[in-house]
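Every chain is numbered from 1 and lettered A, B, ... according to where its sequence line falls, protein lines coming before strand lines.
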2 protein chains.
Amino acid sequence: MELSERKLKILLAIVDDYIATGTPIGSRTLSRMWGGAYSPATIRNEMSDLEEMGLLQQPHTSAGRIPSDLAYRLYVDRFLNVPRLTDQEAQTIRSYYRFRMGEIEDVMAATAHVLSQMTDYVGMILAPQLDNVTVSQIRVIPVTRGRALAVLVTSEGIVKDMFFQIPPNMDDRHLEMMSNALTDLMRGKSLDEFSVACEKLKEELGVGAEVFDALLGTVRKSTAPVRSVVFDGHQNLFKHPEYSNVERARTFLATIDSRDVFYNMLSQTNNMEITISIGRENEHESLQDSSVVTATYRIGGHSVGSFGVVGPTRMDYARVLSVMEQISAALNEILSGSEV
Amino acid sequence: MELSERKLKILLAIVDDYIATGTPIGSRTLSRMWGGAYSPATIRNEMSDLEEMGLLQQPHTSAGRIPSDLAYRLYVDRFLNVPRLTDQEAQTIRSYYRFRMGEIEDVMAATAHVLSQMTDYVGMILAPQLDNVTVSQIRVIPVTRGRALAVLVTSEGIVKDMFFQIPPNMDDRHLEMMSNALTDLMRGKSLDEFSVACEKLKEELGVGAEVFDALLGTVRKSTAPVRSVVFDGHQNLFKHPEYSNVERARTFLATIDSRDVFYNMLSQTNNMEITISIGRENEHESLQDSSVVTATYRIGGHSVGSFGVVGPTRMDYARVLSVMEQISAALNEILSGSEV
DNA sequence: GTTAGCACTCTATCTGGTTGAGTGCTAACA
DNA sequence: TGTTAGCACTCAACCAGATAGAGTGCTAAC
């Protein structure tokens with residue numbers, strides 16, 4: 001069936017209204033909204049068509065219509081205009097970052113918080129991942145007999161500490177040499193090349209083969225995907241009638257707390273600027289009546305992690321995208337401040 | 001009024017029953033429970049006295065009685081016996097820690113998770129604090145022109161990284177000297193003495209006064225209280241009728257998300273083994289119908305942080321304390337494994 | 001193609017009645 | 001004096017029936 005101009009007008013009006021009010025919209029309401037330009041009966045006919053096309057749904061026979069996932073998808077893909085935030089709101093966002101932001105944990109907490117505060121949905125952010133980064137420094141520090149600390153600094157300014165075993169009789173100067181040689185070899189390179197560098201140095205230096213193995217082992221372990229996800233705004237759930245049903249709120253919170261689901265979603269978006277996943281488009285069952293919007297953030301030009309919000313499919317997508325755009329800017333700026 | 005043996009028996013029966021079932025207990029129920037040893041009327045008289053003493057409350061005229069905060073306090077202080085967990089349950093707790101626990105964040109997440117899983121309340125843990133620790137190593141690593149990384153290792157095995165400014169023309173060997181001299185001076189000492197050490201070295205070495213200042217500044221900032229608190233088990237709220245009221249659930253979640261409240265509670269318990277705060281004993285208004293149980297955890301003998309659960313005043317205190325005892329043991333063991 | 005009219009559907013809300021658990025009080029009892 | 005039986009009363013929870021309101025689909029007329 002053709003999606004005529006009028007059908008589209010009706011559909012978009014329903015989407016807008018439903019996003020704003022959360023109640024199903026009937027033909028009379030629409031007719032009045034346009035000052036009677038079309039009669040309720042006409043609108044009913046069109047609505048009926050739209051329902052057949054899978055764009056509208058009826059919660060029950062005598063309720064108005066609500067948009068389907070497909071309608072939101074159409075709306076988001078083709079008719080969403082994302083307004084710029086007012087200067088004042090942009091300012092508000094910045095103000096959330098005005099406190100000590102020395103550590104990535106602080107930045108993550110602030111981001112999740114401002115996301116939830118500005119959107120009234122649940123905000124979340126994934127910790128920066130260590131794949132895809134380049135090395136700036138590798139330093140090995142003897143700590144006690146038989147134990148050393150490796151400090152890895154990436155060119156993005158991310159620091160990673162890793163303890164590992166060394167032979168008890170290891171000479172401190174050897175560790176010093178290792179540090180220098182490794183840093184020379186690896187500077188500007190990806191971590192993927194770490195094992196090659198280790199092999200090479202094993203031969204060249206002719207000492208401490210087992211130290212390189214231990215170091216390689218700990219680096220491998222520590223640069224495995226970082227599964228840390230921070231959430232904020234759990235209480236926002238209750239601002240939306242969708243979750244006022246206790247059982248639904250409970251499953252939703254359980255999904256958040258299990259973290260796996262969102263870790264997967266957030267880590268899969270690494271190459272896309274913005275992803276919107278609506279209702280049944282979500283793989284995970286307990287999210288099939290929610291929408292998830294995610295975006296990546298960068299440190300020093302590299303996309304290293306992502307953040308986003310999750311809320312009902314009846315989400316104010318325009319608002320969410322505006323806010324996320326602004327937060328993305330603030331975030332990239334703050335994180336690149338610590339660039340090395 | 002005297003708290004006779006029989007009154008006490010009735011009170012404790014009500015506390016136990018209410019904790020188990022969550023419904024008010026009436027005189028008939030109690031009378032039947034004891035096979036009619038006392039008639040309902042007698043029990044009613046006693047209950048009336050207990051109510052006058054502030055130990056019982058009535059939700060409404062024709063409901064049974066429920067314990068007051070004061071009753072829980074009495075119960076917890078004088079009549080609580082904390083059963084040991086079964087070996088199987090102890091084993092279950094350990095199993096939560098079987099995965100990669102390389103970083104403190106992992107340990108925190110696992111602890112919050114097991115707390116909530118084993119108790120059905122909300123679990124939480126505060127990150128280790130850096131006051132009260134002793135220094136094992138301080139290392140300064142040049143990163144780029146004008147920028148260096150200080151790595152602080154405590155004798156408990158906590159590592160802290162801090163970037164700071166150095167003069168662009170700073171010689172790497174000077175940084176090396178600084179590292180060695182600082183480590184020599186500070187090893188085994190508390191961080192409080194760091195500024196003294198800096199002053200001393202400033203004079204002795206005769207170079208880099210401004211570097212010491214910058215270093216001191218960043219250390220001060222980085223060792224400020226760590227406000228990171230991890231929560232788990234939000235969905236457990238709904239397992240308890242106390243929070244099935246949406247408004248109460250919302251305020252509760254809001255309190256959790258603001259973090260401040262719990263940061264304060266968790267950081268104030270640093271010297272006490274276990275703290276139990278019941279209902280109106282809680283300073284914060286939104287917790288006045290909840291209870292908070294916290295305990296400290298240690299790394300290498302020092303009490304560095306705390307963890308706990310929060311739930312309704314009608315909390316299974318015995319269960320919570322059993323679980324926390326076991327988790328405490330597991331936690332101390334795991335964290336001291338990384339001791340230097 | 002559009003509209004008016006009409007019978008119908010479904011939810012939400014209000015009402016009143018019933019049930020069950022529990023209380024406080026009084027008077028009788030040991 | 002402490003304990004108990006009896007009784008009138010209270011309150012929340014539940015159920016059933018009535019009503020109002022919003023909205024629909026269908027048909028026939030414009």
With the side chain of A/R44 defined as its heavy atoms from C-beta on, choose the nearest nucleotide among C/dT3, D/dC11, D/dG25. D/dG25

Does the side chain of A/S39 get closer than 4.0 angstrom to OP1 or OP2 of C/dT3 through an N or O atom? yes

Return yes if the base of C/dG22 and the side-chain atoms of B/R28 contain a donor-acceptor N/O pair under 3.5 Å, otherwise no. no

Short side-chain N/O contact to C/dT23 OP1/OP2 from B/T61, under 4.0 Å: no

Angle between ring planes, A/F262 versus A/F231, binned at 30° and 60°: parallel, tilted or perpendicular? perpendicular

Between C/dT2, D/dT3, D/dA12, which nucleotide has the shortest distance from any of its atoms to the side chain of A/T42? C/dT2

Short side-chain N/O contact to D/dA22 OP1/OP2 from A/T29, under 4.0 Å: no

B/D289 and B/R248 ion-paired at < 4.0 Å: yes

Select base, sugar-phosphate, or nothing to describe what B/A41 touches, counting heavy atoms under 4.0 Å on all strands. base

Give the rounded distance in Å between these two atoms: CZ of B/R6 and P of D/dT3. 4 Å

Separation of atom CD1 in A/I43 from atom P in D/dG25, rounded to whole Å: 13 Å

Nearest-nucleotide pick for B/Q58, side chain only, options being D/dC11, C/dG24, D/dG25: C/dG24

Is A/R65 close enough to D/dT24 that one of its side-chain N or O atoms is under 4.0 Å from OP1 or OP2 there? yes

Please verify the inter-ring angle class for B/W34 with B/Y38; under 30° counts as parallel, over 60° as perpendicular, anything in between as tilted. perpendicular

State whether B/S27 places a side-chain N or O below 4.0 Å from either non-bridging phosphate oxygen (OP1 or OP2) of C/dT23. yes

Partner of A/D49 under salt bridge (Lys or Arg N to Asp or Glu O under 4.0 Å), chosen from A/K7, A/R65, A/R6: A/K7

If you pin B/S62 and A/N45 to their nearest nucleotides in DNA chain D, which one's is more 5'? B/S62

